[in-house]
Amino acid sequence: MSAQKDCDFLVKRARELVSDDPCAAKAWLITARTLYPADFNIQYEMYIIERNAERTASAGRLLYDMFINFPDQPIVWREINVITAALRSDSQDKHAQFLRGLFETLPGRVQCEMLLKATEQCFNTLEKAEMLLLLLKRFPESVVQHGVNLGETLLDAEVSENVETPVNCFRKLFVCDVLPLVINNMDMRLPASLMQKYMLKAAEFYIGYVTRGPSPDVQIQGSQEGGSLKSTAVSRGSQRYVIDGLSEKSSVVAEPWERLLDILAVVGARCEWQGDKGQRSYVDMLQRVKELCRYLPSLEGDTRSRCCSQVVICAALVLFRSAFLYVSAVQPALFQGVNTLSSGPWILVEDLSSVYNDVEGERGAVKHAHKKRKLADGREKTMSSDDEEGLGKGRGRHILVNKTDMPSWSETLESFRTARESWDLLHSHDGLETEFKKICASWKTDNWLWFRIFLSDMIIYQGQYRKALSSLHQMAAVQQPQPGQQSPSGQGSLEHHRALIQQASCHYALGEYRMACEKLLDVVGGLVPPSQEPTKSPEDHGRVKNKTRKGNDLRLLPCTSKAVLPFCLQLMLACFKLRAFTDSHDDLSLGHVVVLLQHDWPQGEMLFLKTVEKICQQGSFQYENFFNYVTNIDMLEEFAYLRTPEGGRIQLELLPNQGMLIKNPSPVLGVELNTLLLQGVQTMDRHHTVTRGITKGVKEDFRLAMERQVSRCGENLYSVLHRFCINEKIIIIQSLP
Amino acid sequence: MGDIRQSLLPRDVLSAAKELLYHLDIYICNLVQSGRQPPQVDSKTQELVEEFILHAPKDRNTPARRMSALQELQLLEIMCSCFQEQSRDTVRQLMFSALFSLQGNQADESRMALLGKLVSMAIAVGRVPILECAATWLQRTHRVYCVRLAQVLVDDYCSMVPGSVPTLQNIHSASPRFCCQFITAVTTLYDLTTEELTPPLELLQMIVSWIQDDPRLVLITFLNTPLSGNQPISSLDVTPLGGLVRWCVKAPLAYRRDKKQALTNGTTESKPEVGPLFSALHLSLLQVLMLLPNILNEKGLYGRLALLQMESLAALTSDLSRLLDQADKHTHASSADTRALSQLVLDRLAQALQVAMANGALLCSREDLRAICSRLPHNNLLQLVLSGPVMYYNNIHTPPLAFSPHAAHSPIASHPTHPTHPTHPAHPGHTPLATHASSHPQYPAQPFMTGMPFPFRPSH
């Protein structure tokens with residue numbers, strides 16, 4: 001009792017002095033401690049003075065004394081918890097740094113004991129794990145005892161805490177911190193099955209991390225900034241990402257693919273996998289397992305299953321990485337941290353740059369490449385309902401891409417190729433496929449939108465369009481349950497367009513032109529026509545001219561109005577082309593072809609001449625929309641000529657029922673055209689007034705319409721064609737079977 | 001060597017001194033090589049030194065030869081390089097002794113004068129070997145002369161040339177041994193009894209910063225000296241601990257006197273407060289004391305060697321009781337300020353006694369302490385220390401709180417103030433080196449019953 005009073009008195013005096021004369025306060029406490037060495041409050045007060053003054057060495061010494069002499073004092077434990085919390089945190093503030101420094105002054109043995117005891121007192125799984133991890137990192141010998149247990153605790157926590165994604169705080173700790181310690185500790189013998197289980201846990205985490213989507217709140221912020229696509233992209237590049245339960249800094253995983261490769265190398269070495277120990281790169285790895293695969297059938301028992309695991313794990317990792325690289329190039333907005341500034345989404349579609357080629361030539365090519373079937377209506381239709389057939393067709397297809405728009409085109413295509421090869425490898429043996437499917441099932445890859453995008457593109461590449469269509473529909477289903485992902489900035493509609501265009505392309509390839517056009521016209525309705533015709537890069541021209549296209553190449557098309565509208569026009573042309581030039585009389589299709597041929601003029605000159613030829617053969621041509629949508633001067637000239645006797649006096653019914661009248665030659669027309677037009681009127685006057693029952697008014701109407709049309713030559717062709725698509729949507733669709 | 005006198009006589013003073021130094025060097029080298037134990041410079045040589053280097057009059061009839069100031073400076077330079085260039089410690093040490101060991105004759109005054117100049121110069125130009133020799137000299141020489149040398153250095157560096165303090169400051173890194181001895185000498189010199197014997201502020205600041213930077217500095221001599229018991233009589237203490245205790249305890253009273261004088265003189269110098277300096281010094285002192293148990297145990301001296309002397313503490317307490325009494329009388333109203341300062345004095349005394357006792361620097365019982373403190377005014381902490389901790393505070397971790405007079409080892413006297421006790425060199429072992437009464441009968445003890453509640457227990 002009296003002793004306690006003495007101690008209280010001494011501590012009280014020290015406290016009174018500490019602010020004015022800290023030296024005196026310390027002198028009091030030193031004295032007090034020699035009087036009552038077993039009193040905790042005196043030592044704690046000494047410690048507090050040093051700690052508050054942030055004197056690392058002396059505070060550390062006193063903490064050590066307290067830890068040794070008063071191991072059961074709750075205050076000591078509170079203090080130790082503060083310090084271990086600072087060790088776990090990445091805070092850079094001065095006090096946290098002091099506390100970390102304080103811990104460092106303690107002898108290793110005490111650090112170890114302190115961490116272990118602190119861990120025991122901790123009830124929060126994450127904190128407990130972090131604490132134990134501090135211990136394992138500092139004292140490698142403790143890994144043997146605690147490593148695997150800690151790992152299993154973390155994996156159990158994932159289950160018990162019902163976390164939704166593999167990218168969670170427990171997994172992060174397990175994969176990035178615990179696992180390297182465990183697998184690199186040569187004093188431990190782990191069964192291969194456990195190693196592989198851990199390997200897959202790591203892979204799932206890293207893949208999930210790399211392919212994580214942008215967080216929705218930031219996206220909204222981005223859309224508020226400007227609404228344009230680009231500003232969203234800019235803000236996304238710099239946005240921050242936090243794994244629930246972790247700090248921002250510890251949520252960052254640097255070089256995830258490299259880390260995964262590191263783990264794979266260690267696991268491979270410890271599981272006695274074939275091939276050299278250090279896995280140099282993912283590409284090397286694929287080559288190695290490819291070779292390994294050849295021996296697979298000759299292996300038996302354990303060797304076979306070990307080999308199987310190696311092939312499946314390695315090939316799967318190469319597949320997911322390459323597929324990610326490909327998708328991050330064609331759909332960068334899906335991922336956080338991928339630079340979306342450079343390019344928007346890209347769509348893998350049929351290449352239509354050969355659409356202006358001669359129908360016969362193309363038919364030949366189509367015949368050669370596709371098996372075709374003569375249908376009842378005599379129309380030729382490409383078919384690939386059979387998957388086997390499609391697969392055979394898919395080999396060695398070219399994918400065209402504008403190299404200036406996509407500077408990384410070769411890497412992107414290479415990734416696409418590598419991913420396909422890995423996929424093929426994984427499906428080359430039943431054993432491999434079963435194993436791979438197990439992985440996919442446990443990772444729920446069916447829900448990975450990005451992977452579905454790759455798969456769809458791969459199936460398109462393989463020419464399995466029917467399958468591709470169902471995959472694209474499935475993708476829409478995956479997309480739907482995440483309304484949060486749909487940003488109001490137009491990103492959603494662009495994504496939507498992307499799917500529609502790809503579907504249209506598939507329908508086209510299947511010969512389902514009506515469906516193709518239906519999808520396309522939905523897209524076109526939402527587009528804003530580009531104000532200028534695109535200046536074609538010389539390279540594009542070059543390719544089209546120099547190469548004889550087989551007609552089954554693919555193209556990566558930028559998902560922008562500027563690129564999409566021309567593609568839609570080409571695709572529509574392709575749909576109508578075959579129909580227009582059949583033996584049957586289909587003026588409507590022919591008219592549509594004429595309208596569509598205006599785009600990219602004079603690319604389609606040859607086809608236009610063919611059209612004219614057909615009209616001449618028919619002797620007549622009826623297309624009431626002509627003057628609404630044909631503004632090309634060359635075409636107008638040609639049609640004006642067709643009516644002349646020299647042109648063959650073709651009966652042209654190009655006007656809607658009600659026409660307009662103008663009296664005089666228009667001064668805006670060139671002399672040549674005026675002459676042509678007047679000539680036509682005169683000859684009509686002379687020879688056909690009675691026989692054809694066409695009034696002079698009608699002739700005048702034609703002349704006047706022509707004049708008016710010529711004055712429209714300067715109109716933005718895209719606006720005209722855009723209008724065509726929107727206004728004539730129903731007719732266009734109906735005119736296709 | 002005696003025959004060189006004839007060759008020295010015709011020479012001028014400087015070249016004669018130079019020549020003699022040269023011969024001395026050769027002579028001592030031969031002496032060391034001959035292996036004679038102990039190597040000692042004969043009296044003939046001593047005489048030559050006194051005649052040609054110190055220029056002490058040989059007898060009443062011959063007038064002393066004098067050197068001009070310039071010649072003296074040149075001689076000092078020569079001596080400096082002579083010590084600097086001598087690579088063998090023994091030779092250098094013997095040479096230094098031959099020149100500066102006090103002989104108890106007339107030449108000693110010249111010796112002291114030249115020594116003061118040489119050491120001062122060595123500090124200025126950083127001649128470490130000379131400082132090391134001087135450190136040894138300070139250990140072997142009577143404290144009166146040590147204090148004189150310290151006085152010279154303080155005058156040179158702290159009083160005469162302003163701004164030269166940093167030069168002196170460097171000696172703690174150049175020669176810690178010298179620095180330690182210097183501190184001991186200075187704390188012996190300035191006993192705070194008068195204004196003259198109060199350390200200049202610059203000196204105080206320097207010492208505080210030295211000890212704060214490295215508390216072990218004050219133990220350097222003790223750590224480096226094999227304690228053989230043949231400490232020269234009346235030499236300086238082996239550590240400055242006693243002097244430092246006196247400084248810290250008395251400072252509040254001494255500087256209060258200063259302040260009062262400054263007020264009466266009307267001079268209001270804006271000097272920095274010494275209060276915080278002494279507070280820091282006092283803390284450093286306690287921290288040094290805390291280092292002692294390990295050191296003493298390593299040397300096998302724990303409980304056997306008192307680094308603080310009961311006698312000097314007794315002197316301090318009686319001094320204090322007088323001063324406190326005076327202070328009380330002079331300030332009639334016994335102002336709060338005076339009371340606070342008195343309490344600070346007693347707090348520090350109590351702290352120093354307690355910590356010293358607990359760490360084996362002071363070998364006595366609490367009863368002994370009560371005896372020497374009996375005349376002091378009341379102070380809570382002092383009462384607590386005198387009565388000791390309440391013992392039923394049970395804890396197994398409790399180490400021995402203080403030296404027990406009934407311990408197996410008998411104390412030894414580290415301090416050569418009892419010339420009557422013969423000392424046994426070289427064999428400390430378990431043999432008691434000195435019989436030292438466990439209690440001090442010379443101090444009248446108050447009746448004190450250990451089991452009884454202490455009447456002056458601090459009123460919390």
Side-chain angles (χ1 to χ4, degrees), chain A residues 1-47 49-50 52-53 55 57-73 76, chain B residues 208 212 248 252 273 275-290 293 343-344 347-361 366 379-402 453-454 457-460:
Chain A
M1 190 61 200
S2 183
Q4 195 55 55
K5 273 188 173 176
D6 283 356
C7 293
D8 292 347
F9 162 71
L10 294 164
V11 170
K12 186 172 143 275
R13 286 290 289 142
R15 278 199 196 140
E16 286 164 5
L17 285 163
V18 74
S19 55
D20 285 342
D21 188 352
C23 287
K26 287 196 244 177
W28 270 85
L29 290 170
I30 287 175
T31 312
R33 187 159 75 159
T34 60
L35 281 163
Y36 292 103
D39 186 78
F40 172 72
N41 290 330
I42 293 169
Q43 297 201 30
Y44 182 67
E45 200 64 27
M46 292 174 103
Y47 168 74
I49 290 176
E50 299 303 312
N52 291 348
R55 271 186 290 267
S58 38
R61 173 74 216 177
L62 289 161
L63 182 66
Y64 171 81
D65 288 350
M66 289 197 296
F67 182 75
I68 298 297
N69 296 325
F70 307 99
D72 300 322
Q73 281 285 345
V76 175
Chain B
V208 170
Q212 263 181 336
C248 294
E273 277 290 324
L277 284 173
F278 278 109
S279 192
L281 186 62
H282 178 63
L283 175 62
S284 297
L285 174 67
L286 299 187
Q287 284 166 338
V288 173
L289 292 173
M290 303 284 287
Q343 288 302 310
L344 179 58
D347 284 346
R348 282 193 188 156
L349 175 70
Q351 288 165 3
L353 291 177
Q354 167 61 28
V355 177
M357 191 158 67
N359 289 291
R366 292 196 191 273
N379 171 276
N380 281 340
L381 183 61
L382 187 61
Q383 293 299 350
L384 209 162
V385 169
L386 294 182
S387 54
V390 179
M391 286 312 282
Y392 61 76
Y393 196 100
N394 78 30
N395 193 296
I396 50 160
H397 298 296
T398 315
L401 287 171
F454 187 59
R457 199 109 204 130
S459 47
H460 304 303

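Everything quoted here is computed from the prediction, not taken from an experiment.
Atom CZ of A/F9 is separated from atom CG of B/L384 by 6.5 Å, given to the nearest 0.5 angstrom. One distance of note links OG of A/S58 with CD of B/Q287; it measures 8.5 Å at 0.5 Å rounding.
Using non-hydrogen atoms only and a strict 4.5 Å limit, the part of residues 10-22 of chain A facing chain B consists of A/L10, A/R13, A/D21.
Counting heavy-atom pairs closer than 4.5 Å to chain A, the top residue among B/S284, B/S279, B/A280, B/A350 is B/S279. Taking chain A as the reference chain and counting heavy-atom pairs below 4.5 Å, the highest number among B/L281, B/D347, B/L285 is found for B/D347.
Scanning for side-chain hydrogen bond (donor to acceptor under 3.5 Å, both in side chains) contacts around A/Q73 gives an empty result, with sequence neighbours left out. For B/Q343, the side-chain hydrogen bond (donor to acceptor under 3.5 Å, both in side chains) criterion is met by B/N379, not counting sequence neighbours. Under the rule for a salt bridge (Lys or Arg N to Asp or Glu O under 4.0 Å), the partners of A/R61 that lie at least two apart in sequence or sit in another chain are A/D65.
Side-chain atoms of B/Q351 and A/I30, non-hydrogen and from C-beta on, never get closer than 4.5 Å to each other.
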Run the numbers on B/M290 and A/T34 for side chain to side chain contact (heavy atoms under 4.5 Å, CB included), then give the verdict.
-> CA-CA 9 Å; B/M290 303 284 287; A/T34 60; 4.2 Å; yes

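Counting all heavy atoms, side chain and backbone alike, B/L286 lies closest to A/T31 at CD1-OG1, 4.1 Å.
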